[in-house]
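Start at 1 and go down the list; that is how both ligands and their atoms are numbered.
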Amino acid sequence: MIKPQSNHLRQTRSLDGFWNFKRDKDGIGEARNWFLGFDSECEIAVPGSWNEQRTDLEQYFGIAWYSQTFVAHSSWQEHGVSVHFGSVQNHAKVWLNGTLVGTHEGGSLPFQCDLSRCIVPGKENLLVVQVDASINPWDLPPARIATNAKNEGFHNSNPSVTYDFFPYGGIPRPVSLQVTPTRESIDKIRVDTGLNLESKTAKVGITVTVKDSTACSVEVRIEKAAATAALDSHGVATLYIDIANPRLWDLKTPELYVAEVTLLKDDQAIDHYRQTFGIRTIEVVGNSLKLNGKTVFLRGYGKHEDFPVLGRGLSLPLIARDFDLLKWTGANSFRTSHYPYAEEWYEFADRHGILIIAETPMVGLCERLFESDDIKAKALKLVRDMVDRDHHHPSVIMWSVANEPWIESQKGTDFIKALLSEARSQDSSRPVTYVAHNGIEINAACRDCDIVSVNRYGGWYDYPGDIETGTAYLGKVLDNFHSTFGKPILLAEFGADAIPGEHSLPSIMFTEEFQADIIEAQILAAESRDWVIGTHVWAFSDFKTGQSITRAVRNHKGIFTRDRLPKMAAHCIRRIWTETGQA
Ligand code: GCB
């Protein structure tokens with residue numbers, strides 16, 4: 001699947017706007033044929049989570065129906081037409097004019113449904129989506145199986161999810177139609193760049209998969225170079241283009257290339273796609289991370305897609321603002337904790353030289369999930385789908401296959417190892433990791449990581465209120481992970497909640513002073529170890545969570561508030577990171 005695009009052969013039509021909406025509290029909408037249309041309860045904006053758009057939907061975690069109409073162009077009879085959803089949270093079933101055209105599981109990756117067979121050209125068409133945002137213990141990420149179950153995440157929250165962020169529902173990313181001149185069209189493009197830093201040459205491999213055709217050929221142009229190949233019997237062609245003295249993608253010079261892919265039939269161009277990519281290397285050498293052969297130290301944050309009213313809904317101004325703030329603090333990177341973000345985040349990072357650790361939605365994994373072959377198959381597919389969607393972004397420098405899996409058995413270790421090896425087999429050009437908590441004993445899978453990522457809240461969850469002891473403890477934890485696994489370490493989360501406007505002297509927990517002090521002490525402690533390759537503060541901004549006695553309205557570990565105002569810690573980090581060099 002490729003993101004919809006308009007060019008001289010392809011057209012897109014946005015279906016974003018207000019959609020009709022109706023809750024299906026008993027889950028009987030399908031039996032009542034709501035896919036043929038339903039009485040709307042209200043209008044809900046797409047893209048956007050439904051929860052904060054209306055008071056009565058704030059705490060609704062169930063099934064809802066969305067519908068939208070559009071008039072199809074009369075010429076679309078002959079064309080290929082599909083509908084593309086950036087994501088639907090969490091599961092979707094899609095009908096066009098009463099015909100089921102597709103289903104999708106999982107709330108953070110895109111999917112598309114082919115509409116060619118049931119679209120009515122020149123007429124109004126009805127698109128209906130059943131959105132299932134139920135709290136389900138067998139989803140990825142999972143809900144808790146019982147409110148007080150042990151080792152299923154550590155926040156006993158309502159709703160009872162295993163993870164520390166709000167389980168929004170809705171259609172949080174754009175919806176659009178993609179129209180191609182014929183049904184034979186480009187379905188998938190994979191760009192692999194092999195760069196030889198010494199000889200300053202790059203070999204770019206472009207693999208194109210075509211839908212509904214094998215009788216075509218593919219032409220690829222990258223600037224002045226071109227290559228052509230016929231499709232094989234599976235509708236796939238791989239082409240190679242050599243680039244001498246390539247302009248490298250780097251933090252300060254985020255140079256991008258475009259592969260112009262054309263599908264040809266009887267010498268006629270029948271489809272075209274412009275695929276952006278970058279040329280750079282990223283590798284672990286000894287105890288350091290090297291970008292284009294030069295050591296890069298990661299300074300940044302774990303984040304969330306979260307903002308008042310929008311929920312997880314995509315907002316382009318918010319992306320612009322977050323990158324502006326990120327750079328203002330001197331950061332050079334972030335992790336898409338704890339799920340793949342909208343593609344627009346990665347595209348912006350590609351253009352502006354920010355590094356991304358791309359994470360799957362696997363947070364809150366625990367033993368009962370490790371035992372299920374069905375879950376394992378879904379988990380492996382999530383890794384593949386994420387790599388498929390994001391591999392062409394030069395900003396993505398590492399794959400994180402899970403956050404804080406609660407491993408208690410060999411099965412759990414094997415599960416995480418399988419995810420790491422799947423990521424590696426899908427893409428050998430980037431380091432892989434998972435983000436570990438707890439001790440080294442349960443984290444044997446770290447041996448299979450290229451970089452060991454560790455979360456630790458010394459002075460907060462451990463030794464609360466005691467920054468000195470907490471920081472010494474953090475140092476010991478990092479030393480222990482390093483001496484056990486012999487790998488470079490990323491301090492992937494550390495920090496403290498600060499309720500904006502709370503101050504104290506001396507600094508105590510929940511004040512802005514305490515948060516700034518703990519972050520400063522722990523950045524210095526981590527950076528003093530030469531095998532630490534980065535520090536990612538938790539979190540970039542405050543974010544909405546389920547209700548819990550450990551969360552005063554939301555998680556306050558942001559260095560910015562939920563609406564992006566700086567706390568003392570933001571100024572403190574800016575001072576440390578901009579006054580001490582490389583950003
Ligand atoms: C963690 C989790 C993150 C939480 C954070 C916290 O270890 O990875 O999702 O939000 O701790 O604030 O407790």
Side-chain angles (χ1 to χ4, degrees), residues 107-108 140-144 151-157 159-168 300-306 312 334-341 357-366 400-407 416 433-439 442-443 446 452-465 470 473-474 477-478 481 489-500 509-510 514-515 518-519 522 526 534-562 567 569:
S108 33
L140 294 172
R144 293 160 77 95
N151 299 352
E152 297 212 351
F154 53 97
H155 302 284
N156 190 3
S157 67
S160 62
V161 289
T162 59
Y163 44 89
D164 184 32
F165 53 92
F166 196 78
Y168 292 109
Y301 309 93
K303 273 179 70 45
H304 270 295
E305 286 181 313
D306 182 88
R312 257 180 84 178
F334 68 93
R335 173 167 59 116
T336 69
S337 39
H338 296 305
Y339 37 79
Y341 291 3
I357 299 175
E359 189 158 274
T360 69
M362 280 173 283
V363 49
L365 295 181
C366 54
S400 162
V401 298
N403 181 68
E404 301 191 347
W406 211 300
I407 306 166
I416 300 301
T433 190
Y434 76 93
V435 181
H437 71 328
N438 289 337
I442 72 150
N443 280 302
C446 282
V452 169
S453 304
V454 181
N455 290 351
R456 199 54 45 120
Y457 291 87
W460 189 258
Y461 294 123
D462 299 295
Y463 307 102
Y473 160 76
L474 169 77
V477 169
L478 297 180
F481 269 89
I489 304 277
L490 168 71
L491 177 55
E493 283 184 27
F494 61 105
D497 287 71
I499 297 180
M509 290 175 81
F510 289 104
F514 186 88
Q515 184 191 38
I518 208 168
I519 289 174
Q522 301 192 349
T535 52
H536 274 184
V537 176
W538 189 259
F540 176 75
S541 55
D542 292 348
F543 56 92
K544 192 176 173 87
T545 62
Q547 300 177 74
S548 143
I549 52 165
T550 63
R551 295 289 172 259
V553 185
R554 60 187 71 95
N555 186 311
H556 285 287
K557 292 194 187 69
I559 62 144
F560 293 99
T561 60
R562 194 174 180 222
K567 300 184 193 169

**Request:** Measure the CZ-OG1 distance between Arg554 and Thr561 for me, rounded to the nearest 0.5 Å.
**Result:**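 The CZ atom of Arg554 sits 8.5 Å away from the OG1 atom of Thr561.
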**Asked** Can you tell me how far the OG atom of Ser541 sits from the CG atom of Asn555, to the nearest 0.5 Å?
**Response**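 Those atoms lie 10.0 Å apart.
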**Item:** Arg335 touching ligand 1 at heavy-atom level, < 4.0 angstrom
**Value:**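 Distance cut 4.0 Å: Arg335 fails for ligand 1.
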**Prompt:** Contact between His338 and ligand 1, counting heavy atoms under 4.0 Å?
**Reply:**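 Flag set, His338 near ligand 1.
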**Asked** Counting only heavy atoms not in Tyr473, do more than 12 sit closer than 6.0 Å to its OH atom?
**Response**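 Enclosed.
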**Request:** Please identify each residue that fulfils salt bridge (Lys or Arg N to Asp or Glu O under 4.0 Å) with Glu493, with sequence neighbours left out.
**Result:**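 Listed in chain order: Arg335.
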**Prompt:** Mind checking what makes salt bridge (Lys or Arg N to Asp or Glu O under 4.0 Å) contact with Arg562, not counting sequence neighbours?
**Reply:**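 Scan of Arg562 (salt bridge (Lys or Arg N to Asp or Glu O under 4.0 Å), adjacent residues dropped) gives Glu52, Asp306.
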Out of all atoms in ligand 1, which are within 4.0 Å of some heavy atom of [X]? Include the element for each.
| X | answer |
| --- | --- |
| Asn455 | 7 (O), 8 (O) |
| Tyr461 | 6 (C), 12 (O), 13 (O) |
| Arg551 | 6 (C), 12 (O), 13 (O) |
| Phe543 | 10 (O) |
| Asn555 | 6 (C), 10 (O), 12 (O) |

**Prompt:** Applying a 4.0 Å heavy-atom criterion (strictly less than), which segment of Tyr163 is in contact with ligand 1: side chain, backbone, both, or neither?
**Reply:**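 For Tyr163, no heavy atom sits under 4.0 Å from ligand 1.
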**Asked** Is Val435 touching ligand 1 with its side chain, its backbone, both, or neither, if touching means heavy atoms under 4.0 Å apart?
**Response**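 Val435 to ligand 1: no contact under 4.0 Å from either part.
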**Message:** Between Trp538 and His338 (judged by ring centroids, cut-off 6.0 Å), do the two rings come close enough to count as a pair?
**Reply:**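 Yes: the rings meet the under 6.0 Å criterion.
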**Request:** State yes or no: are the ring centers of Tyr339 and His304 separated by less than 6.0 Å?
**Result:**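 Yes.
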